[in-house]
Every structure is written in C-alpha cells, then in structure tokens.
J.: 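If you scroll down you'll find the structure; I have some questions about it.
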Amino acid sequence: MIETIYIEEEIEDHPRTGEICRRFPQARLIPCRHYGEIFNRKNQNFRLQKVQPALILAKKFKNFVLDAPAGYGIGGTCNYYFSHMLNCIYDCRYCFLQGMYRSANYVVFVNYEDFTDAIIKKINDNINCKSFFFSGYDCDSLALEPVTRFADNYLPIFRRYPDACIELRTKSTQIRSLLKIDPLPNCVIAFSFTPEEISNALEHGTPSIDKRLAAMVKLQKHGWKLGLRFDPLIYQDNYDEIYERLFNIIFSKIAAENLHSVSLGTLRFPETYFQNIIRLYPDERLFTGSFERKQGMRTYNSHIEQSMLQYCKTRLSHYVPAQILFPCEHAA
Ligand code: SF4
C-alpha cells in the first residue's frame, strides 16, 4: 500500500495524476518541483526504502524512446525501449534496478501522450525497419496495471500501427485489462521464470510459477501471443535438473506452437551496478563465487556461462523451433 505520493508541481492538474491519487485516498500527498529531488537524493538506502516505497508522479521531458541495449531483441531489426515507470513492486534479489537507482521509490511518468507521440514518430521515421518496442526494461510492464493503466493506454497505438511490435514483460498476473480487449497480433506478453527453488529464494513478492502459468493459459485461450523469458539464468550446481524441471512444467501447460519467442541469458550486471548491489547485500550468496569481469560487465565465468546457455538452449529446442529461440550471448 502506498502511504506517500510525491507530485511534481508541473503535473499537479494532469487528469492521470488525479486518477492515480484517487486509488490511494489515505496517502499523504507532497508536492515537489522535480522528481529527481526525491529519487536521486544522495545517501538513500535502496534496501531500507524497499520496505515502504513512496510513489512519485512526474513528467518526462525527453528521451522518451531509447535504443535497446545490444543483444536485447526477439527478431526485430530496430529495437527500442521506453519506460513509463521506474522501479518495481517486486523485490528480486538479482534485479539490476537496485544497482542502477539510489531510490526504491516508484516513479510513474503520467504524460503518456508525449510517450505516444515519440513512439509514433519513431515508427514513422523507421518505416522500412521492423520496429520492436520493449516496455519492461526499467520496471515490470504489468505489475502496477490497476494503478497505471499502462496497457490500456499504450496498446491502442500498436493497434493503429500493426507493423510495429511491443513486448510487455512481466512476472505479474495483472491481465484483467488484456482479457477485456481483442488480442493484438503485434503484441507479445512475455513472462519471466526461474526454477521454483530460485524463485522462492530470490523473487520476493512475485506471484508463484503456478499463478504466472495460470495467467499465461488464460491469455493463450484469449488469443494473445506469448513469450517466455529465462533471463537471467541463475547458476547452481544442479542447474540442469532444476531448469529441466521448470521447462517440463511450463510446456505441460503452455502450447509451444502459440509462442512468439523464447529468450534466455545468464545473470550479468554492468560493473558499477554490481558494486552497488554488493554494498546492499554483502552476504548474499548469489553474488559470491564464479563471477568475472568482462568488458565492463560482471558475468559468470565463461565456462559456466556457456555450459548453462548451451544446456538450456538444447533443452528448449526440444520444445520450440530455433527461429523463435533468442539466446543473449556475451563476447568472450
Ligand atoms: S520483476 Fe523484474 S523489474 Fe521487478 S524486481 Fe523482479 S527483476 Fe526487477
């Protein structure tokens, strides 16, 4: 439950600000000039703030749509991402956001119209390119859907521009708004998974694997295109057993022929984020052991990385064709 909402003066009267605030009638409303005053303040502790994050409603002014990082793709030639929200209501111990931001507060940029214009411009500027837009880079796309109405507001753009595609990436079961509308052939609802043992230990507050699968089954019946994301793959000695079990469970419920894409990549962090995360969780076993520095990144050592990727790719290729399998591999 949100107890405090900071509101930038600039969007105080924006209708979406009012709509969001009405969902939290008990919350303390505090005006601010710029969200950075709260979000980027020095000496904040992400870990402590995660216990009771505030919501910050803000306006974004520039950089609405950015180029996706290299290797972030599922078949498009031009890959972009945009973030209507920063941070996430879940608390996965491996999440890179905790190394990227000083604050665990949630920021929602309420000027969706400006994002919409920027997305349309990007589509029109790259008319000869198969554009893919990723929405779950700095947040979980759907976890806060009842508050943000993200899908409700952004999917109509993609209905108008069927040659451009959007991915909603999630671990949530907030699919009610998607079940009320006709599915879009150019939208992929991608669910992220780790094996149950890892999920129980590291994905705090997320719906269980069974619940995520139940949501996927409903979306599948409704006609939505689905994706599977095994990113990050997390190493432990018996990784082959636990990933094998996970794949068996998933493909006993999800029709492989209806999948749009399956992507996978091992755990990795930009070096600076890794250092920040280690400071937050110095005793966390996940970050000790077989990591090495590689081109500004912290990754598993090459042997572990390649073995895991190869194993999972081979197992997954028993279920899905190679054309929809997208491993994210690092240069050695
Ligand atoms: S669901 Fe994704 S964005 Fe949210 S905490 Fe977990 S890894 Fe981070």
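One-based numbering, in listed order, for ligands and for the atoms of each. In what follows, residues are counted from 1 in the order of the sequence shown. Everything numeric in this text was worked out from a predicted model, so none of it was measured.
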J.: Side chains of S302 and Q306: do they bring a donor and an acceptor to under 3.5 Å?
T.: no

J.: Decide, yes or no, whether a salt bridge links E12 with K59 under the criterion of side-chain N to carboxylate O below 4.0 Å.
T.: no

J.: Suppose we call two aromatic rings close when their centres sit under 6.0 Å apart. Are F134 and Y80 close by that rule?
T.: no

J.: What protein N/O/S atoms are found closer than 2.8 Å to atom 8 (Fe) of ligand 1?
T.: C95 SG

J.: Taking disulfide (SG to SG under 2.5 Å) as the test, write out the residues that go with C21, two or more places apart.
T.: none

J.: Are the aromatic rings of Y243 and Y239 close, with centres under 6.0 Å apart?
T.: no

J.: Identify the protein heavy atom lying closest to atom 7 (S) of ligand 1, giving its residue, its atom name and the separation to 0.1 Å.
T.: K171 NZ, 3.5 Å

J.: Going by atom types alone, do D117 and Y112 pair a side-chain donor with an acceptor below 3.5 Å?
T.: no

